[in-house]
Amino acid sequence: MNPPHAVIAGAGIGGLSTALSLARVGWRVSLYEKAKVLEESGAGLQLSPNASAILRNLGVLEHLTPFALCPEAIRIRRARDGATLALMPLESAEKRWGAPYLVVHRADLQRALLETVAREGSITLQTGAAVAGFAPSSGGVAVAIAQGAVRLKVAGDCLIGADGLRSYVRQRLHADALRFSGRTAWRATIEAARVPVAMRRKETNLWLGRKAHLVHYPLRGGAIVNVVAIVDEDFHPDEKEFWSSPGEPGFLEARFVRWDKTARDLLRAALAWQKWPLADRNPAASFVAGRVALMGDAAHPMLPFLAQGAAQAIEDAGVLGEVLARGQTIEAGLLAYQEKRLPRAVRVQRESRQQATIYHLGGPAAFLRDAALRALGPEKMLARYDWLYDVHHAKSHQF
Ligand SMILES: Cc1cc2nc3c(=O)[nH]c(=O)nc-3n(C[C@H](O)[C@H](O)[C@H](O)COP(=O)(O)OP(=O)(O)OC[C@H]3O[C@@H](n4cnc5c(N)ncnc54)[C@H](O)[C@@H]3O)c2cc1C
């Protein structure tokens with residue numbers, strides 16, 4: 001009997017992970033990627049244990065670990081003077097949550113995924129090929145692929161829309177629009193030698209200020225420092241676009257003028273900024289229609305304030321492999337995927353939004369937040385993330 005065949009739209013972190021997850025349970029996978037060349041932005045990614053556990057099962061982690069870094073702690077700091085408000089030690093992360101907490105360069109993760117995909121004879125990856133149409137066909141899905149001027153028709157047993165924030169597949173299933181969240185993310189990677197020594201610690205740092213926050217952590221054994229500055233901004237990107245563009249450093253200089261000097265020195269050390277308008281969507285009522293399923297940013301785009309977008313895409317991939325391995329119909333398998341993933345992904349989407357409000361407080365509300373953070377202590381800080389990071393919670397979907 002021929003193995004079942006999945007067509008996947010999009011070869012981002014979500015699509016590549018799903019291809020591996022399905023190949024592991026005996027599926028043949030055709031991955032179509034719109035971009036001619038697979039490139040990842042020169043930026044970092046926090047990979048929490050709920051995601052690194054799945055990458056380990058998929059055989060990806062072994063290709064990534066040599067380039068990844070385990071931060072010793074997450075330090076939350078006050079913008080005004082750099083005072084530490086809370087310290088979440090990560091030395092026992094793997095023991096507590098079942099897998100390591102890593103920070104990686106996106107390009108390294110993409111390379112590790114591609115290397116693992118290349119070893120799977122049952123996966124084919126076609127770049128410069130966009131999913132441009134689909135319709136139910138006898139016992140499956142007929143998918144139209146646009147490759148330049150050429151149009152192909154491919155028959156799949158199911159179609160997985162892993163085509164990101166501006167998903168074509170989602171557009172066909174839901175009539176909802178992307179909207180600007182009112183915040184922009186400014187990203188830079190800086191050679192460690194240019195960064196103030198105090199800012200090179202093996203920690204993830206989160207600075208909280210009024211209407212802005214700052215995240216930075218070292219990458220590639222500490223050779224570079226990844227910086228993301230997020231600011232509330234009265235800015236009106238073209239609603240259909242939301243692409244990144246070079247950012248004007250003078251803008252950040254002005255916005256962070258009241259921040260502690262070490263933070264300002266870090267921002268000044270960046271040679272170039274890339275500015276991303278952060279888009280948002282309301283949670284979807286469903287991820288699945290018959291033999292078509294959405295995953296990753298296509299299913300649940302989220303603001304990056306819990307650093308979970310890629311992690312949740314990887315969780316989707318893990319569950320898709322589980323449910324489609326079982327002896328049930330593909331439709332039933334995809335519904336089981338939705339049942340397992342939708343409530344959790346929507347909770348993460350909602351909490352990410354809420355996090356933005358808390359991070360950007362000012363005045364007395366910020367004072368109260370800071371006092372609450374100070375009172376927490378390391379154990380309570382860790383416990384706050386158990387529902388999200390713990391491999392067993394993520395798997396059993398009890399949250
Ligand atoms: C500032 C910032 C910081 C972040 N930090 C973190 C973090 O620390 N940790 C974390 O887990 N997440 C983080 N994220 C989120 C994370 O980057 C995304 O959630 C994740 O990359 C989504 O992966 P994806 O595969 O679903 O989508 P994408 O990476 O967008 O991939 C979709 C792919 O589909 C392709 N495509 C589009 N349309 C078609 C089509 N019609 N046919 C074929 N291919 C198509 C695209 O070219 C693309 O390659 C952050 C995001 C931002 C903006």
Side-chain angles (χ1 to χ4, degrees), residues 7-19 30-41 43-52 54-55 71 74 101-106 109-110 113 125-134 143-147 154 159-172 181 183-188 204 206 213-217 219 226-231 242-244 273-280 294-317 345 348-349 352 388-389:
V7 176
I8 301 183
I13 295 167
L16 291 168
S17 306
T18 305
S30 303
L31 251 175
Y32 293 97
E33 166 55 50
K34 183 160 87 172
K36 288 205 174 93
V37 184
L38 279 175
E39 289 175 316
E40 263 298 352
S41 64
L45 197 72
Q46 300 179 61
L47 260 188
S48 48
N50 49 318
S52 68
I54 295 162
L55 294 179
I74 298 179
Y101 190 109
L102 302 171
V103 288
V104 300
H105 196 292
R106 281 169 185 263
L109 174 57
Q110 186 184 59
L113 284 163
L125 166 59
Q126 182 67 57
T127 54
V131 167
F134 58 88
V143 183
I145 308 292
Q147 258 182 302
V154 181
L159 168 67
I160 310 289
D163 48 346
L165 193 63
R166 290 166 285 269
S167 167
Y168 163 77
V169 180
R170 178 171 180 138
Q171 234 178 66
R172 288 277 310 273
S181 65
R183 298 188 168 97
T184 51
W186 296 60
R187 288 156 125 178
T204 295
L206 164 65
H213 73 276
L214 176 68
V215 178
H216 59 91
Y217 47 82
L219 290 176
N226 184 70
V227 187
V228 189
I230 290 170
V231 293
F242 295 110
W243 298 111
S244 72
W273 289 98
Q274 209 46 31
K275 168 178 163 173
W276 300 73
L278 295 176
D280 199 8
L294 299 169
M295 61 88 56
D297 275 7
H300 41 69
M302 55 186 70
L303 295 171
F305 308 137
L306 279 174
Q308 280 292 309
Q312 292 301 305
I314 293 167
E315 280 196 28
D316 291 343
V348 181
Q349 253 180 315
S352 299
L388 186 56
Y389 294 165

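Computed from a predicted model, the values in this text were never measured in an experiment. One-based numbering along the sequence shown. Whatever order the structure lists ligands and atoms in, that order sets their numbers, starting from 1.
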Check whether any side-chain heavy atom of [X] sits under 4.5 Å from a side-chain heavy atom of [Y], and report yes or no.
| X | Y | answer |
| --- | --- | --- |
| Val215 | Gln46 | yes |
| Val37 | Thr127 | no |
| Val348 | His300 | no |

query: What distance separates Leu206 CG from Tyr217 OH, expressed to the nearest 0.5 Å?
result: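 Answer rounded to 0.5 Å: 12.0 Å.
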- prompt: Got a donor-acceptor contact below 3.5 angstrom from the Thr184 side chain to the Lys275 backbone?
  reply: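 Side chain of Thr184 to backbone of Lys275: no pair is present.
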Tell me which donor-acceptor pairs under 3.5 Å the side chains of residues 301-312 have, and how far apart each pair is, sequence neighbours excluded?
residue: Gln308; atom: OE1; partner: Asn50; partner atom: ND2; Å: 3.1
residue: Gln308; atom: OE1; partner: Gln312; partner atom: NE2; Å: 2.9
residue: Gln308; atom: NE2; partner: Ser48; partner atom: OG; Å: 2.7
residue: Gln312; atom: OE1; partner: Arg341; partner atom: NH1; Å: 3.4
residue: Gln312; atom: OE1; partner: Arg341; partner atom: NH2; Å: 2.8
residue: Gln312; atom: NE2; partner: Glu315; partner atom: OE2; Å: 3.4

Under 3.5 Å: N or O atoms of ligand 1 paired with protein N or O:
residue: ligand 1; atom: 8 (O); partner: Gln46; partner atom: N; Å: 2.9
residue: ligand 1; atom: 9 (N); partner: Gln46; partner atom: O; Å: 3.0
residue: ligand 1; atom: 9 (N); partner: Ala307; partner atom: O; Å: 3.1
residue: ligand 1; atom: 11 (O); partner: Ala307; partner atom: O; Å: 3.3
residue: ligand 1; atom: 11 (O); partner: Ala310; partner atom: N; Å: 3.0
residue: ligand 1; atom: 11 (O); partner: Ala311; partner atom: N; Å: 3.0
residue: ligand 1; atom: 12 (N); partner: Gly309; partner atom: N; Å: 3.3
residue: ligand 1; atom: 12 (N); partner: Ala310; partner atom: N; Å: 3.0
residue: ligand 1; atom: 17 (O); partner: Arg106; partner atom: NH1; Å: 2.9
residue: ligand 1; atom: 17 (O); partner: Arg106; partner atom: NH2; Å: 2.8
residue: ligand 1; atom: 19 (O); partner: Asp297; partner atom: OD1; Å: 2.8
residue: ligand 1; atom: 19 (O); partner: Asp297; partner atom: OD2; Å: 3.3
residue: ligand 1; atom: 19 (O); partner: Ala310; partner atom: N; Å: 3.3
residue: ligand 1; atom: 25 (O); partner: Ile13; partner atom: N; Å: 3.3
residue: ligand 1; atom: 25 (O); partner: Gly14; partner atom: N; Å: 2.8
residue: ligand 1; atom: 26 (O); partner: Asp297; partner atom: N; Å: 2.9
residue: ligand 1; atom: 41 (N); partner: Val131; partner atom: O; Å: 3.1
residue: ligand 1; atom: 42 (N); partner: Val131; partner atom: N; Å: 2.9
residue: ligand 1; atom: 44 (N); partner: Gly10; partner atom: N; Å: 3.4
residue: ligand 1; atom: 44 (N); partner: Lys34; partner atom: N; Å: 3.1
residue: ligand 1; atom: 47 (O); partner: Glu33; partner atom: OE2; Å: 2.6
residue: ligand 1; atom: 49 (O); partner: Glu33; partner atom: OE1; Å: 2.7
residue: ligand 1; atom: 49 (O); partner: Glu33; partner atom: OE2; Å: 3.2

